[in-house]
Amino acid sequence: MSAALSLDAWKSQAATLAYRNQAFIGGKYVPAASGKTFDCVNPATGQVLTQVAACDQEDVDRAVKAARAAFEKGTWSRMAGAERKKILQKFADLIDKHSTELALLETLDMGKPIRDSSKIDVPLSAGCIRWYAEAIDKVYDEIAPTGPEAISLIRREPLGVVAAVVPWNFPLLMSSWKIGPALATGNSFILKPAEQSPLTGIRIAELASEAGIPDGVFNVVPGFGETAGQALGRHMDVDCIAFTGSTEVGKYFLKYSGESNMKRVSLECGGKSPNIIMADAPDLDAAATAAAWGIFFNQGEVCNAGSRLIVEESVKDRVLEKVFAVGKKLQPGDPLDPKTGLGAMVDKTQMERVLGYIDAGKKEGAKLVFGGNRVRQEAGGYYIEPTVFDGVSNKMKIAQEEIFGPVLSTITFKDADEAVKIGNDTIYGLAAAVWTKDITKAFKASAALRAGVVWVNCFDNGSITSPFGGFKQSGFGRDKSLHAMEKYTELKATWIHIGN
Ligand code: NDP
């Protein structure tokens, strides 16, 4: 099991790792048509790992052509469900089989602790693909109750060419949330990984092929958002864009769609999730511990991070004390050390962005009560310690904008209505939490919070069986659960005349 490896064992595996660094189009690795590459940097050390193909319009055209041809040929799109299931199950098995390598690639590429990539990212990715594989022959179409003279068959058909543009915070997992349902429903697929973290996406293309996914059905075009991402968004022969990333870029995809072929767009964008702790929480220590993990996990680079701690004034000090205790234990360390709980920020730009927000918080008059600094500079990487602001007003920049770093803003309230009002005072609506043992208060607050996921007396619980996605400017469309299959299919009503 990969999780049992020591720091030295991970380091020696890293030293011998071979990187796949080209695009994967039509069933094989190819360089970018332009021959251009970009540096793929390990954010834990600042060292270049490899040079990756920088795809642009021409490569996207080739990938779309391959994907369309495969779709039309029908080897995958019209394959019997039970067969498609077996192949996707094998794909999931291969991800598990290569879990050590994939966890290593993820950690080296984006700085997250190996403990997380090996125990969370990789197994959940395989599990996600397997879950959709298993769903294939268990989801039925419908017959409408039209009366005896006709039958209307209501069927779901694949869209055709689906492109996923994904971020760097959970590269493999965010991709899998789209790969699973899109492939299970018979589409051809093109993945554009984030420029900061292309390595696992490129590697699994080969595993997909080894599992038996036909050439052209699974393609990967690494490159930049403005080039490869935009070319997919504007392509006249892409039927659907499944996007996870910032709200700003999500809006571009709506524009690209409107200015091209009205392709379907689903958006999983940012968040500024309120984590509301009432004085009558069933276990204040558990609530505070969850609040700390809810913002420090994955270096705070989590779309649903509980970045606003909205806590009842009378218990604030007790809650913060516990948050600091967790923060002290979670100091950044070498991501390859299995004991590390907090790794490096994904790159220098993101680190500077987060430090900029910490400065802005101080300037706006919030009280920095924990952390706030860049650390481990001697390692050459980009580390920020867990950071907590107290005395935050919800109008401040650090309460309104998504920081995407380990920075918690503490806001107090006096009654439940005020807490919900503050919670909803944001452009986002991805997730929210409320902690209280009063069932009436819990139900009223969870109903009033405008968010796609609301946790009661827990934080960040999730399962592939339950949908994930946002309200408001956190986007629309859902990943996970059977509902995700709706995103990648078109409803068709076929009327068959029977007569008298
Ligand atoms: P982006 O939204 O910029 O990137 C997400 C994906 O979109 C990447 O693959 C990116 O490519 C691509 N992209 C970027 N610009 C364009 C464009 N003009 N046209 C088409 N595609 C584009 O997020 P970032 O990775 O830059 O992070 C910035 C902020 O976004 C974060 O600090 C955070 O606030 C938020 N974010 C939210 C996430 C979530 O899960 N909700 C995840 C990641 C980020 P490339 O990487 O090559 O630029």
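Each ligand, and each atom within it, is numbered from 1 in the order the structure gives. Count residues from 1 along the sequence. Side chains are part of it too, since the values below use all heavy atoms of this structure and drop only hydrogens, waters and symmetry mates.
At the top of the distance list for atom 2 (O) of ligand 1, counting protein heavy atoms only, stands Ser246 OG, 2.6 Å. Residue, atom and distance of the protein heavy atom nearest to atom 40 (O) of ligand 1 are Cys303 CB, 3.2 Å. Looking from atom 43 (C) of ligand 1 to the surrounding protein, the closest heavy atom is Pro167 CB, 3.1 Å. Distance from atom 15 (N) of ligand 1 to its nearest protein heavy atom, with residue and atom name: Val249 CG2, 3.6 Å. Among protein heavy atoms, atom 11 (O) of ligand 1 sits closest to Lys192 NZ, 2.7 Å. Protein heavy atom nearest atom 44 (C) of ligand 1, with residue, atom name and distance: Phe404 CE2, 3.6 Å. Closest to atom 8 (C) of ligand 1, if we only count protein heavy atoms, is Val166 O, 3.3 Å. Scanning the protein heavy atoms around atom 46 (O) of ligand 1, the nearest turns out to be Glu195 N, 3.0 Å.
Using a distance-only test at 3.5 Å, with no hydrogens or angles considered, a donor-acceptor pair links the side chain of Thr185 to the main chain of Ala182. For Asn304 (side chain) and Ala431 (main-chain N/O), no donor-acceptor pair under 3.5 Å exists by modelled atom type. Counting only distance, with no hydrogens or angles, the side chain of Arg68 and the backbone of Asp237 share a donor-acceptor pair below 3.5 Å.
Looking at Ile422, Asn394, Val420 one by one, the single match for side-chain contact (heavy atoms from CB on, under 4.5 Å) with Phe413 turns out to be Ile422.
Assignment of Glu301 to the shell around ligand 1 is not supported, since no heavy atom sits closer than 4.0 Å. Using a 4.0 angstrom heavy-atom cutoff, Gly271 does not count as in contact with ligand 1. Between Phe170 and ligand 1 there is no heavy-atom distance shorter than 4.0 Å.
Ring-plane geometry between Trp168 and Phe404 is classed as perpendicular, the angle between the planes exceeding 60 degrees on a 0 to 90 degree scale with a lower cut at 30.
For the residue pair Thr50/Asn21, the side-chain donor-acceptor check at 3.5 Å is satisfied. In this structure, a donor-acceptor pair under 3.5 Å is present between the side chains of His235 and Asp61. No side-chain donor from either of Gln473 and Thr247 sits under 3.5 Å from a side-chain acceptor of the other. Residues Arg62 and Asn219 have side chains that never bring a donor and an acceptor to within less than 3.5 angstrom of each other.
Applying the 4.0 Å criterion to heavy atoms of Gln196 picks out, from ligand 1, the atoms 46 (O). Within ligand 1, the atoms closer than 4.0 Å to a non-hydrogen atom of Phe243 are 2 (O), 5 (C), 6 (C), 7 (O), numbered from 1 in the order shown. Counting atoms of ligand 1 from 1 in the listed order, those under 4.0 Å from a heavy atom of Glu268 are 41 (N).
The stretch residues 379-390 participates, sequence neighbours left out, in these side chain to side chain donor-acceptor pair (under 3.5 Å) pairs: Lys316-Asp390, Asn373-Glu385.
Of all the listed residues (Arg353, Glu402, Arg234, Glu401), Arg353 holds the heavy atom that lies closest to atom 32 (O) of ligand 1. Between the choices Tyr256, Phe253, Trp168, the shortest heavy-atom distance to atom 26 (O) of ligand 1 belongs to Trp168.
By the ring pair (Phe, Tyr, Trp, His ring centres under 6.0 Å) test, Tyr19 pairs with no residue at all, sequence neighbours left out.
Under the 4.0 angstrom criterion, atom 4 (O) of ligand 1 counts as lacking any protein heavy-atom contact.
In terms of polar-atom proximity, defined here as any N/O pair under 3.5 Å, Gly225 does make such a contact with ligand 1. Close N/O approach between Cys269 and ligand 1 is found [any backbone or side-chain N/O within under 3.5 Å].
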